[in-house]
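Note that the structure is a prediction, hence the values are computed from the model and not measured.
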Amino acid sequence: MAKSKDVRVTIILECTSCVRNGVNKESTGISRYITQKNRHNTPSRLELKKLCPYCYKHTIHGEIKK
C-alpha cells in the first residue's frame, strides 16, 4: 500500500545547541521530542523552544528528517 498524504504528520524535534556544540562530556545524549504538525499550515521546518535536559535550559529545537 502507498503512504497516505495525511494533513497531520509526525515530526521529530532535536536540540540545536547540543548538535552544534557536540555532546558535552557530562551529558549522555541529545534531546529529542516527538510531536505533530499540520502540513498545510506550516510547510516549512518547525522550530520550538523546549527544555533540554542535557543543556539544563530552554533551547531551540528544530525539525529533523526521519
Side-chain angles (χ1 to χ4, degrees):
M1 281 190 94
K3 281 189 174 180
S4 63
K5 301 248 178 172
D6 293 333
V7 175
R8 296 201 67 81
V9 292
T10 303
I11 60 168
I12 300 171
L13 301 175
E14 186 176 73
C15 180
T16 55
S17 67
C18 285
V19 173
R20 198 174 310 129
N21 298 334
V23 180
N24 298 340
K25 293 177 183 176
E26 301 158 356
S27 65
T28 57
I30 297 172
S31 174
R32 288 193 175 130
Y33 286 93
I34 297 175
T35 187
Q36 291 183 340
K37 77 170 187 177
N38 189 319
R39 188 181 306 180
H40 295 297
N41 293 341
T42 52
S44 60
R45 291 195 180 266
L46 187 64
E47 287 187 343
L48 296 175
K49 202 165 189 184
K50 306 286 277 178
L51 176 72
C52 178
Y54 303 109
C55 297
Y56 302 110
K57 56 185 172 183
H58 286 84
T59 59
I60 295 176
H61 284 64
E63 181 180 342
I64 61 169
K65 289 186 177 180
K66 289 185 182 176

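For the atom pair OG1 (T59) and CD (E47), the distance works out to 11.0 Å, reported to the nearest 0.5 Å.
Two different hydrophobic clusters hold I30 and L51 under the rule that ILVMFWY side chains link at heavy-atom gaps under 4.5 Å. Following chains of ILVMFWY side-chain contacts shorter than 4.5 Å, one can reach L48 starting from V9, so the two form part of one hydrophobic cluster.
The local environment of CD1 in I60 is sparse, with at most 12 non-hydrogen atoms from other residues, nucleotides or ligands closer than 6.0 Å.
Side-chain atoms of R45 and K65, non-hydrogen and from C-beta on, do get closer than 4.5 Å to each other. C15 places none of its side-chain heavy atoms less than 4.5 Å from the side chain of K50. The shortest distance between side-chain heavy atoms of I34 and R32 does not fall below 4.5 Å.
The two atoms that bring H58 and K49 nearest to each other are O-CE, 4.0 Å, heavy atoms only. When all heavy atoms of L46 and L13 are compared, the closest pair comes out as O-CD2, 3.9 Å. Across all their heavy atoms, T16 and G62 have their closest contact at CG2-N, 3.9 Å.
For the pair N38 (side chain) and H40 (backbone), a donor-acceptor distance under 3.5 Å is present. The backbone N or O of I11 lies less than 3.5 Å from no partner atom in the side chain of K37, so there is not a single donor-acceptor pair.
Under the side-chain contact (heavy atoms from CB on, under 4.5 Å) rule, H61 has a single partner from C18, S31, S17, which is S31.
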